[in-house]
Amino acid sequence: MYPPSRKDFISLTLNDPHSHTYNNGKHRRQSCWRKWKQLSRLQRSLILFLLALLLIFGLLSYPSMTEQWRGKQCLHNTQLTVMVLLRDSLKLMSWTAYYTFISYSFLLWTILFVVSTGAVDRLAAVCDAFRHAWKGYKEYAWGHDELKPISRSFGEWFGLGLTLIDSLDTMWILGLKEEFAEAKDWVEKELSFDKNVDVNLFETTIRILGGLLSTYHLTGDQLFLEKAKDLGSRLMPAFKTPSKIPFSDVNIGKGIAHPPRWTSDSTLAEVTSIQLEFRELSRLTQEPQYQEAVNEVMRLVHKLPGKQDGLVPMFINTNSGQFTHKGVFTLGARADSYYEYLLKQWIQGGKAEDDLLEDYLQAVEGVKKHLVRQTGPSRLTFVGELSHSRFNPKMDHLVCFLPGTLALGAHNGLPGDHMDLAVQLMETCHQMYQQMETGLSPEIVHFSMQASDGPNLIVKPADRHNLLRPETVESLFYMYRFTKDPKYRDWGWDILLSFNNYTKVPGGGYTSINNVRDPVNPGPRDKMESFFLGETLKYLYLLFSDDMELLSLDKYVFNTEAHALPIWPSPPK
Ligand code: DMJ
């Protein structure tokens, strides 16, 4: 796949004035022009309008032209695009009356096109947002992990240029060639994994390994595969544990892994959400050790006692290989992407691995039975948590990945009621934004189950922050792709506007905020998470794009950090 090409204007090819064809045509045009002048103004307008319509349909159905438009959306905002087209049309008008005629039609088409498709504005707005975020990163945090946009400095987590790598494929998809080239240059010259640093296995896999693999697939550039191989091999010591359940942390320079200081447990979602990336690395390198290591984790978890109707506890011990903290079940932090990766591994591998499907289907039934409930006031469907048989009507924003995952499953032939649940949960995630004064969701919401006229959503003071997370726009993207219902785009648009209103920092960057209920003082936290560029803006762009072949969901599966990996071709029969 290639990025949209940069074009500053659409050119029309004119006939050679010295050719015979042109001279013959000249007479015809002169008589046409005379006839044209004899028409009334109404007749002329009507013809122009019809021609404009013809042009719209013609151009829209011409693939290479829409390809050019896609490129423009990131290079110009709509107004600029219109101005460029206007300028070109005016230039053409100074030719003969024939070209004036064409120009008017073209101009009319442009205006109608822009007015009739909100898509142009929305895509351009995502591009503007990306550029603004990138500007801050480039100026104050270049090559570092995260931008601190308020203090105009940076934060370091692993010291591996996290935001830059997480953003690579987003820039490619948005057609931001110059920005991409600069970032690639940094990867080539500056990025080294030969560093004495402790990294978190899961975060490094989903953001950096996933980002490099996805960029390799989009660009075909070996550089990214070489870097991915180097990183993958440096992460492997994490799997050297008595149970083969990996440690949470690895020193990629020394090749030594260890659990967190306070426990020998690993987080369940972390050890079961690195599979897509390691499996793909094995496929590309033909080196089986990556795939074998992560498949072993799935095999162990598959047969482990302590699940409840497919729901898994949040921790697993690296020595014993057993679940710990049993009896607590959530679809939020520490368990979320386990469920997501069951389905996505099944899809990645060509729907051949039955254990994955079985675990996923069972888990969805478990979610429906134990965790899905409705609010009292207006019957909003939500996913709560279970703690030793006690139901807690609390839902992390993280759970909003679920409508998208359920919809993806239904699209791949899983039961239709998964889609029904997806539709209901999508509505709730939308309400988590819409009912807040800033239009942005808090990190955690509690739901009222009492039948009353009171609010459905309750936000505790400690949960009022927003970290620019992607899960809701991610699900909106899936829902739009599968239903084409424009309301999902409108909901995504409202979210982008709210990000712009309350989290955009003058000078460059976006910041997470402390209080989504206070539009006067949302309380900037001075941190732009890498997933804002890697995921949130990418999913918004894909949501607004009319090009359903742009990372088709029948060809790619997105990892949990929105990095696209190919669905494997089926083996020859
Ligand atoms: C991302 O790093 C991933 O989406 C992960 O699965 C969950 N947390 C963040 C975004 O919220």
Side-chain angles (χ1 to χ4, degrees), residues 73 118-133 149 170 173-174 380 382 395-405 407 422-445 456-457 459 463-481 483 485-505 509-519 522-525 527-545 558 561-562:
Q73 284 145 10
V120 176
D121 278 320
R122 291 177 176 188
L123 285 171
V126 179
C127 295
D128 287 347
F130 187 95
R131 278 209 206 83
H132 185 80
T170 307
I173 293 161
L174 269 59
L380 272 183
F382 66 94
M395 179 165 144
D396 294 350
H397 180 272
L398 287 168
V399 182
C400 288
F401 81 93
L402 190 58
T405 296
V423 170
Q424 292 165 27
L425 290 173
M426 194 74 260
E427 170 68 37
T428 304
C429 291
H430 163 60
Q431 292 299 330
M432 285 163 64
Y433 283 75
Q434 219 215 355
Q435 295 192 18
M436 298 303 122
E437 288 76 354
T438 55
L440 291 173
S441 170
E443 179 72 357
I444 298 170
V445 161
N456 287 279
L457 276 59
V459 185
D463 305 332
R464 287 176 180 161
H465 49 292
N466 178 294
L467 305 183
L468 313 171
R469 285 199 191 274
E471 290 75 17
T472 295
V473 293
E474 168 186 353
S475 283
L476 289 171
F477 156 66
Y478 285 101
M479 296 302 285
Y480 182 76
R481 280 265 170 121
T483 66
D485 187 333
K487 78 177 177 197
Y488 296 124
R489 280 183 162 178
D490 294 342
W491 294 354
W493 178 238
D494 289 344
I495 292 173
L496 179 60
L497 293 179
S498 297
F499 278 134
N500 278 336
N501 281 338
Y502 297 105
T503 71
K504 191 172 179 177
V505 179
Y510 286 74
T511 179
S512 40
I513 55 171
N514 278 324
N515 191 355
V516 296
R517 308 229 69 161
D518 188 348
R525 284 189 152 200
K527 184 165 173 177
M528 183 173 78
E529 300 275 357
S530 76
F531 51 68
F532 183 63
L533 288 84
E535 293 196 72
T536 310
L537 293 179
K538 184 190 288 147
Y539 280 129
L540 280 166
Y541 187 85
L542 293 173
L543 168 66
F544 299 142
S545 171
F558 287 88
E561 189 76 7

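No experiment lies behind these values; they were computed from the predicted model shown. We use all heavy atoms of the structure for the numbers below, so side chains are in, but hydrogens, waters and symmetry mates are not.
In this structure, N515 CG and E437 CD are separated by 8.5 Å, a value rounded to the nearest 0.5 Å. Between the CG atom in L497 and the NZ atom in K504 there is a gap of 10.5 Å [rounded to 0.5 Å]. The structure places CG of L123 at 8.0 Å from CG of L174, a figure rounded to the nearest 0.5 Å. Between Y502 atom OH and N466 atom CG the span is 12.5 Å, to the nearest 0.5 Å. How far CE of M479 is from CE of M426: 7.0 Å, rounded to the nearest 0.5 Å. The NE2 atom of H132 sits 8.5 Å away from the CG atom of N500 when rounded to the nearest 0.5 Å.
The one candidate from Y480, F558, F401 that meets the ring pair (Phe, Tyr, Trp, His ring centres under 6.0 Å) condition with Y539 is F558.
Looking at K487 and H430, their side chains never come closer than 4.5 Å, going by heavy atoms from C-beta outward. Under the 4.5 Å side-chain criterion, counting only non-hydrogen atoms from C-beta, Y488 is not in contact with S475. In this structure the side chain of T472 never reaches within 4.5 angstrom of the side chain of M432, judged on heavy atoms. Using a 4.5 Å heavy-atom threshold, the side chains of L380 and Q431 count as touching. Between T428 and V445 the shortest side-chain heavy-atom distance does not fall below 4.5 Å. Looking only at side-chain heavy atoms (C-beta outward), M436 and L457 come within less than 4.5 Å of each other. Under the 4.5 Å side-chain criterion, counting only non-hydrogen atoms from C-beta, M395 is in contact with C429. Residues V126 and L543 form no side-chain contact, since every pair of their non-hydrogen atoms from C-beta on lies 4.5 Å or further apart.
Closest approach of P149 to K527, counting heavy atoms only: CD-N, 3.7 Å. When all heavy atoms of L467 and E529 are compared, the pair lying nearest together is O-CG, 3.7 Å. Closest approach of A422 and A407 over heavy atoms only: CB-N, 4.1 Å. Contact between P524 and N514 at its shortest, heavy atoms only, is O-ND2, 4.4 Å. The heavy-atom pair separating R469 from Y433 by the smallest distance is O-OH, 4.1 Å. Between V516 and S441, the shortest heavy-atom contact is CG1-O, 3.5 Å.
Residues D490 and R122 are paired through a salt bridge, judged by an N-O separation under 4.0 Å between the basic side chain and the carboxylate.
Centroid-to-centroid, the aromatic rings of F532 and F499 come within less than 6.0 Å.
Looking only at distances, no side-chain donor or acceptor of R489 sits under 3.5 Å from a matching main-chain atom of L476. Listed for the T170 side chain is no donor-acceptor partner under 3.5 Å among the backbone atoms of K538. Side chain of T536 to backbone of L468: a donor-acceptor contact under 3.5 angstrom is found.
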Next on the checklist: Checking L533 against M528 for the side-chain contact (heavy atoms from CB on, under 4.5 Å) test, could you report, in this order, the C-alpha distance in whole Å, the side-chain angles of both residues, the deciding distance, and whether it holds?
Outcome noted: CA-CA 9 Å; L533 288 84; M528 183 173 78; 3.5 Å; yes

